Protein chains: 2
Amino acid sequence: MVRGRPRSFDRIETLDQILALFWREGFDGASMQQIADAVGVSKPSLYDAFGNKESLFLAALARYADRDGQRQIAALEAEADARLAVLGLLNAMVDSSPICGSPAGCMVVASASLCAASHIPEAVQGAVRSMLDRSTEALARRFERAACDGDLPPGADPRAMAAYFGTLLCGLGVQARAGASRDAMRQVVTSAMGTWPPGHHRTQP
Amino acid sequence: MVRGRPRSFDRIETLDQILALFWREGFDGASMQQIADAVGVSKPSLYDAFGNKESLFLAALARYADRDGQRQIAALEAEADARLAVLGLLNAMVDSSPICGSPAGCMVVASASLCAASHIPEAVQGAVRSMLDRSTEALARRFERAACDGDLPPGADPRAMAAYFGTLLCGLGVQARAGASRDAMRQVVTSAMGTWPPGHHRTQP
DNA sequence: CTCTAAAGCTACCGATCGGTAGGAAATTCA
DNA sequence: TGAATTTCCTACCGATCGGTAGCTTTAGAG
């Protein structure tokens, strides 16, 4: 056992609350005092547990990737039909708001605009861009596999489709954060998928 | 003539500089001191000329609407072929970065994420959302006209198309701000327009 | 029970935030 | 040349920012 006084709060649980705050308010919109109040811990305890604000944000972003990102990627891989897989991703973005206490949209998309300002630490900007790239690459991998399965519309380029749907997800993320209605967003998803008729999957000849 | 000491700076010219700063750094990323230094004017002069920070941002946003928004809407209306009109809008977003000293993307899209934080003045959040809505409505008007002209793909719903392309523009705005390459963005535009083959316009039977 | 190590807190640091008081400078009107 | 008016700037306000010094409290090791 480790010596010393044990920590009075759960690190992961606390990180989930902090994540939600950064998500809603942005990197410099959420002050350390506000965060400390929200999790019911004094400010120095935050610094003891997570370092400075930059490393705290990076930890929250990593937690988001582990919790939400991995889940989405797993769902993307698990669905056998590529069209249904990407449709599930788009619908998840549409339905994102009230699933739990999380804000609407996607934390990475929100942070992409929030963290482009020059005074944001370089490491934070880099982490956000890296996660945006990794999302597009996850899509590309899924579409490459679909191409091998003969599961793509004829003549479709997997990487181009990944860039396209990645951009569309960013757009939906902005709309969700701006308070767009679910109906409007569903309409967008329908329009975007309308060009990709079902039935290409090899199990649906 | 008005009595009193004449203003030493041009209001519109100054507003253009301030607009660019808000665009890059966001509402609270750009401090009044930073703005004053950038335009070469003392801080109290800013308050004399524009009121407080909130009204200064609203003035900058209105200037953006007059300068860039109106130009895009005019181009959208001027192009007779609806497909070419929306293609021009998408390409303008792709090419937005180095046209002048302006940052990449679109100020409204950037502000949509930046101004969703709870500590941003209500009027600012409302103005941003209103401009986002007005953009979609401008697209809808253009597509309604195209529907009358028989200039839309068969069975297309003008309002759904407006929501779709509006969302796509938001996505491109995020990508541009996140530093996506022009080639990747062009690929996205190609994918998005690929489903809308040319030749529907009545002058191209 | 004592010592050590880790975590808790109050109270504070300098810097910067948005915003303003109050006087000097510049211009028109009489 | 005054008086009136408007803009300019230096210097300052309280509040809040990220971050920390230093003491107290809680635990295990001996």
Side-chain angles (χ1 to χ4, degrees), chain A residues 1-15 17-18 21-22 24-61 111 114-115 117-125, chain B residues 1-15 17-19 21-22 24-61 111 114-115 117-125 127:
Chain A
M1 197 66 172
V2 292
R3 279 217 271 196
R5 182 172 175 172
R7 191 152 269 143
S8 66
F9 56 91
D10 180 61
R11 205 189 136 98
I12 299 294
E13 193 175 317
T14 299
L15 215 44
Q17 297 179 264
I18 297 171
L21 209 54
F22 272 132
R24 251 194 303 271
E25 308 294 338
F27 178 78
D28 37 26
S31 75
M32 292 300 273
Q33 186 64 61
Q34 190 180 348
I35 293 171
D37 292 346
V39 302
V41 169
S42 79
K43 214 168 42 159
S45 294
L46 273 186
Y47 282 92
D48 283 345
F50 300 104
N52 61 8
K53 190 178 189 180
E54 171 180 336
S55 59
L56 176 56
F57 183 88
L58 292 177
L61 199 65
S111 300
L114 288 158
C115 297
S118 64
H119 65 285
I120 302 289
E122 201 71 44
V124 170
Q125 300 189 32
Chain B
M1 198 66 170
V2 292
R3 280 216 273 196
R5 182 171 173 171
R7 189 152 269 145
S8 68
F9 56 92
D10 180 63
R11 206 189 135 98
I12 299 292
E13 193 175 317
T14 298
L15 216 44
Q17 297 178 264
I18 296 171
L19 181 167
L21 210 54
F22 272 131
R24 251 194 303 270
E25 308 293 339
F27 179 79
D28 37 25
S31 75
M32 291 301 273
Q33 186 64 63
Q34 190 181 347
I35 292 171
D37 292 348
V39 303
V41 167
S42 80
K43 213 168 39 156
S45 294
L46 273 187
Y47 282 93
D48 283 345
F50 299 104
N52 61 6
K53 192 179 189 180
E54 171 179 334
S55 59
L56 176 55
F57 183 88
L58 292 177
L61 199 64
S111 300
L114 289 157
C115 297
S118 64
H119 65 284
I120 303 289
E122 201 70 43
V124 170
Q125 301 189 32

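In what follows, chains are A, B, ... by sequence order, proteins preceding strands, each numbered from 1. Since the structure is predicted, the reported quantities are computational estimates derived from the model, not experimental observations.
Scanning for ring-ring contact (aromatic ring centres under 6.0 Å, His included) contacts around A/Phe22 gives A/Phe57, with sequence neighbours left out.
Mapped onto DNA chain C by nearest heavy atom, B/Ser31 and B/Pro6 fall at different nucleotides, with B/Ser31 at the one closer to the 5' end.
Here A/Leu61 contributes atom CG and A/Ile18 contributes atom CD1; the two are 13.0 Å apart, rounded to the nearest 0.5 Å. Here B/Gln33 contributes atom CD and B/Leu46 contributes atom CG; the two are 9.5 Å apart, rounded to the nearest 0.5 Å. Within the model, atoms NZ of A/Lys53 and CD1 of A/Ile35 stand 6.0 Å from one another, a figure rounded to the nearest 0.5 Å.
Atom CD in A/Gln33 sits roughly 13 Å away from atom P in C/dA11 (whole-Å rounding). Note: CZ (A/Arg11) to P (C/dA7) measures 11 Å, nearest angstrom. Atom C1' of nucleotide C/dA30 and atom CZ of B/Arg3 are separated by 8 Å, given to the nearest angstrom.
In the model, B/Asn52 has a side-chain atom that pairs as donor or acceptor with a side-chain atom of B/Ser55 under 3.5 Å.
Using a 4.0 Å cut-off on heavy atoms, the residues of residues 43-53 of chain B that approach DNA chain D are B/Pro44, B/Ser45, B/Asp48, listed by number.
The nearest pair of heavy atoms linking B/Met32 to B/Tyr47 is CG-OH, 3.4 Å.
For DNA chain D, the outermost nucleotides in 5' to 3' order that have an atom under 4.0 Å from a heavy atom of chain B are D/dA4 to D/dT10.
As judged by a 4.0 angstrom heavy-atom cut-off over every strand, B/Ser42 is placed among the base-contacting residues.
In this structure, B/Leu56 and B/Leu15 have side chains that are in contact, with non-hydrogen atoms separated by less than 4.5 Å. Between B/Leu21 and B/Val39 there is no side-chain heavy-atom pair separated by less than 4.5 Å.
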